[in-house]
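I'd like to ask you about the structure that follows.
All values reported here derive from a predicted model rather than from experimental measurement.
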Amino acid sequence: MDITRRESLALAAGVVAAGGALGAATPAAAQVGGARRLGSKEKVAYWVATVTPCDARGQFDPGAMKAVMEWHQKCGADGVVVLGTSGEFPSFSVAERKLVTETAMKHKGNMNIMVGPGTPNIVETIDLAKHAQSVGADGLLVIPPFYFNQPPTEGLIHYYTQLFEAVSIPINLYHIPGTSEVAITIELLKAMMKYPHLAGIKDSSGNAEGFAEFLKGFPELNMRCGTSNNLIPAVEAGMGAILADGNMFSDKSADIFKTYRAKGDWKAKLAHLRAAGAMMRDHHMGANTYAAMKYVLSLRMGGPMMYARTPYPQLTDAQKTSLKAGLDKVMAMPA
C-alpha cells in the first residue's frame with residue numbers, strides 16, 4: 001500500500017530528526033559486524049537491466065512481466081535489475097513501482113533480484129527501498145536524486161546516509177551522470193564504505209578512465225559495468241555487469257559469463273554480442289530505445305507484445321519492419 005500524506009509527513013519529520021543526529025552518534029548500520037554484504041554469491045555475474053512491460057494502453061502488464069522473468073531465467077541470466085533506466089522507472093507512480101517489484105519477486109526463480117527505488121526525494125526513495133526489502137529483494141540499485149544538477153557531495157552523503165540507515169539489504173549506487181545529471185564520485189563512495197551493506201555500483205557512464213578508477217579504488221566491492229565497452233576490464237577485475245543488451249539478447253549476454261566460468265573464450269562471445277547490437281543499430285531507423293527493446297524482446301519470446309510508456313512514442317510500422325529484418329539477420333549469424 002502507498003503511504004498516506006500524514007504518514008509521508010511523519011516519515012519526513014523522522015528523516016530530518018535522524019539527519020540532525022548523524023553527527024552525534026555512530027550510525028546503527030555501521031555498527032553491524034561481519035563481512036561486507038554484496039548481495040550475491042558471485043561477483044562475476046550477469047544481471048539484465050530489464051524493461052517494464054506495458055500493454056497497448058500504456059498500463060503495466062503483470063502477465064507479460066511473468067513471461068519476461070521466465071525468459072531471462074531460461075536464457076541463463078544470473079540476475080535481473082527491476083525498475084532501472086531500461087525499466088522506465090520515472091514513468092511509474094510509487095504504487096505502480098511496488099506492484100512491478102512484487103510481480104517480479106513472485107517470478108524470480110533462482111535469479112538474483114535488484115530493485116531500483118530511487119527518486120529525487122528521500123522520503124519516497126526510503127519508502128520504495130523498505131518495500132523492496134520487505135518482499136525479499138536481494139539488493140537495491142539507487143540512482144542519486146536526479147534533476148538536481150550535481151548537488152554538493154555533502155548533500156549526497158546526507159541523502160545516501162539516510163537510506164543506508166533505513167534498510168539493511170545490500171545497496172549499489174547508480175552512476176549514470178549523462179541521464180541523472182548527478183555523478184557518483186570516489187569521495188561519495190569512500191564516505192559510504194563504513195556501511196557493510198554498500199555492495200558496489202553500476203557504472204553506465206561508458207567512460208573507460210573513470211571506470212578504471214572505480215576498479216582500482218574499490219576492489220572489495222562489485223563495481224559492475226553497465227556498458228559493453230567496459231565489460232572486459234570489469235570481468236578481468238572480478239566484477240559483474242548489468243546490461244540493457246540483455247533485453248534483446250539475454251542468451252548471448254549470459255553466454256559470456258557461462259563461457260568465462262568454463263574458462264572458455266568469453267571475449268569471442270562478447271564480440272558476438274557487440275556484433276548483434278551493431279546489426280540492430282543499423283536497422284534502428286530512429287526508433288525509441290525502450291519501444292525497440294520491448295518489440296524485439298516480444299519477437300524473441302513469441303509474445304506477448306509490449307509497448308513503451310508515455311512520454312515515449314510507439315514504433316511505426318516501418319520501424320517494426322526494419323527491426324524485425326535486423327533481428328532475422330542476427331539470428332542467422334554463426335554462433
Side-chain angles (χ1 to χ4, degrees), residues 29 32 34-50 72 76-86 108 110-118 129 132-133 136-144 160 163-164 167-177 183-208 210-246 253-254 256-261 266 270:
V32 178
R36 186 162 295 279
R37 303 195 297 276
L38 300 183
S40 63
K41 294 179 180 178
E42 295 186 58
K43 289 175 68 174
V44 185
Y46 152 60
W47 286 259
V48 54
T50 187
H72 289 310
D78 299 303
V80 176
V81 172
V82 180
L83 292 166
T85 302
S86 297
K108 69 171 290 186
N110 61 8
M111 296 183 295
N112 184 278
I113 307 298
M114 279 189 271
V115 175
Q133 177 172 274
D138 297 291
L140 304 172
L141 176 65
V142 189
I143 199 167
Y160 278 111
L163 175 63
F164 274 88
V167 296
S168 59
I169 60 174
I171 296 175
N172 301 272
L173 308 193
Y174 189 8
H175 181 56
I176 184 169
I184 301 300
T185 63
I186 298 290
E187 182 181 3
L188 174 60
L189 280 171
K190 286 181 177 178
M192 296 295 102
M193 282 293 289
K194 63 186 177 183
Y195 294 105
H197 55 307
L198 172 64
I201 66 168
K202 177 188 178 185
D203 184 348
S204 291
S205 70
N207 183 289
F211 186 60
E213 288 298 311
F214 283 136
L215 294 177
K216 179 181 177 182
F218 302 93
E220 64 271 59
L221 302 181
N222 197 346
M223 310 305 281
R224 300 173 185 86
C225 68
T227 55
S228 63
N229 72 301
N230 280 328
L231 200 149
I232 289 177
V235 172
E236 288 181 340
M239 307 294 180
I242 301 172
L243 301 176
D245 289 340
S253 301
I256 297 169
F257 292 84
K258 289 179 184 176
T259 305
Y260 168 81
R261 293 177 194 131
W266 62 273
L270 172 57

Counterpart residues, side-chain contact (heavy atoms from CB on, under 4.5 Å), relative to Asn112 (two or more places apart):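 side-chain contact (heavy atoms from CB on, under 4.5 Å) list for Asn112, sorted by chain: Ser40, Trp47, Met114, Asp138.
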Gap between atom CZ of Phe214 and atom CE of Met223 - 0.5 Å precision: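 That separation rounds to 5.5 Å.
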Identify every side-chain donor-acceptor pair in residues 168-175 under 3.5 Å, counting partners at least two apart or on other chains, and give the distances.
{"residue": "Ser168", "atom": "OG", "partner": "Gln133", "partner atom": "OE1", "Å": "3.2"}
{"residue": "Asn172", "atom": "OD1", "partner": "Gly200", "partner atom": "N", "Å": "3.3"}
{"residue": "Asn172", "atom": "OD1", "partner": "Arg224", "partner atom": "NH1", "Å": "2.6"}
{"residue": "Asn172", "atom": "ND2", "partner": "Leu140", "partner atom": "O", "Å": "3.0"}
{"residue": "Tyr174", "atom": "OH", "partner": "Thr85", "partner atom": "OG1", "Å": "2.6"}
{"residue": "His175", "atom": "ND1", "partner": "Ile184", "partner atom": "N", "Å": "3.1"}

Residue pair Ser253 / Val48, side-chain heavy-atom distance below 4.5 Å: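 Ser253 vs Val48: side chains apart.
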Straight-line distance of Ile186 CD1 to Lys216 NZ, nearest 0.5 Å: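 Here the interatomic distance stands at 10.0 Å.
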Approximate separation, where rounding is to 0.5 Å, of Ile256 CD1 and Asp245 CG: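 Here the interatomic distance stands at 8.5 Å.
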Test salt bridge (charged side-chain N to carboxylate O under 4.0 Å, His left out) applied to Asp78 and Arg261, Lys43, Lys108, the passing residue: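 The residue from Arg261, Lys43, Lys108 that satisfies salt bridge (charged side-chain N to carboxylate O under 4.0 Å, His left out) with Asp78 turns out to be Arg261.
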Over all atoms of both residues, closest heavy-atom pair of Pro233 and Leu215: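 In terms of heavy atoms, the two residues are closest at O-CD1, 3.7 Å.
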Point-to-point distance, once rounded to the nearest 0.5 Å, from CD1 of Ile201 to CZ of Phe218: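 Ile201 atom CD1 to Phe218 atom CZ measures 8.5 Å (nearest 0.5 Å).
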Asp203 to Gly210 - nearest heavy-atom pair and separation: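 Looks like OD2-C, 4.5 Å.
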Value rounded to 0.5 Å, distance of CG in Leu243 from NZ in Lys202: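 Reported to 0.5 Å precision, the distance equals 8.0 Å.
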For Ala191, all residues meeting side-chain contact (heavy atoms from CB on, under 4.5 Å), sequence neighbours excluded: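 With sequence neighbours excluded, Ala191 shows a side-chain contact (heavy atoms from CB on, under 4.5 Å) to Ile157, given in chain and number order.
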Any residue meeting side-chain contact (heavy atoms from CB on, under 4.5 Å) with Val235, in chain and number order, not counting sequence neighbours: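 Per chain and number, Val235 pairs via side-chain contact (heavy atoms from CB on, under 4.5 Å) with Val44, Leu231, Phe257, Tyr260, Trp266.
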Closest non-hydrogen atom pair, Gly240 against Asn222: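 Where Gly240 meets Asn222 most closely, the heavy atoms are N-OD1, 2.9 Å.
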Salt bridge (Lys or Arg N to Asp or Glu O under 4.0 Å) partners of Glu220, counting only residues at least two apart: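 Expected list: none.
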Shortest non-hydrogen separation from Leu38 to Ala199 and the atoms involved: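 That closest heavy-atom pairing would be CD2-O, 3.3 Å.
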Any side-chain heavy-atom pair of Leu221 and Arg36 under 4.5 Å: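 Yes, at least one pair of side-chain atoms sits under 4.5 Å.
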Phe164 and Lys194, any side-chain heavy atoms less than 4.5 Å apart: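 They are not in contact (no side-chain heavy atoms under 4.5 Å apart), so the answer is no.
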Main-chain N/O of Gly76 paired to Tyr46 side chain as donor or acceptor, under 3.5 Å: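 Judged by distance alone, no pair lies under 3.5 Å.
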Distance in Å, Ile242 CD1 paired with Thr50 OG1, rounded so as to fall on 0.5 Å steps: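 Taking CD1 in Ile242 and OG1 in Thr50, the distance rounds to 12.5 Å.
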Salt bridge (Lys or Arg N to Asp or Glu O under 4.0 Å) involving Glu187 - partner list, sequence neighbours excluded: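 With sequence neighbours excluded, Glu187 shows a salt bridge (Lys or Arg N to Asp or Glu O under 4.0 Å) to no residue whatsoever.
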For the student: nearest non-hydrogen atoms of Ala77 and Ala254, plus distance: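 Looks like N-CB, 4.1 Å.
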Closest non-hydrogen atom pair, Gly206 against Asn230: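 Gly206 and Asn230 have their closest heavy atoms at C-ND2, 3.8 Å.
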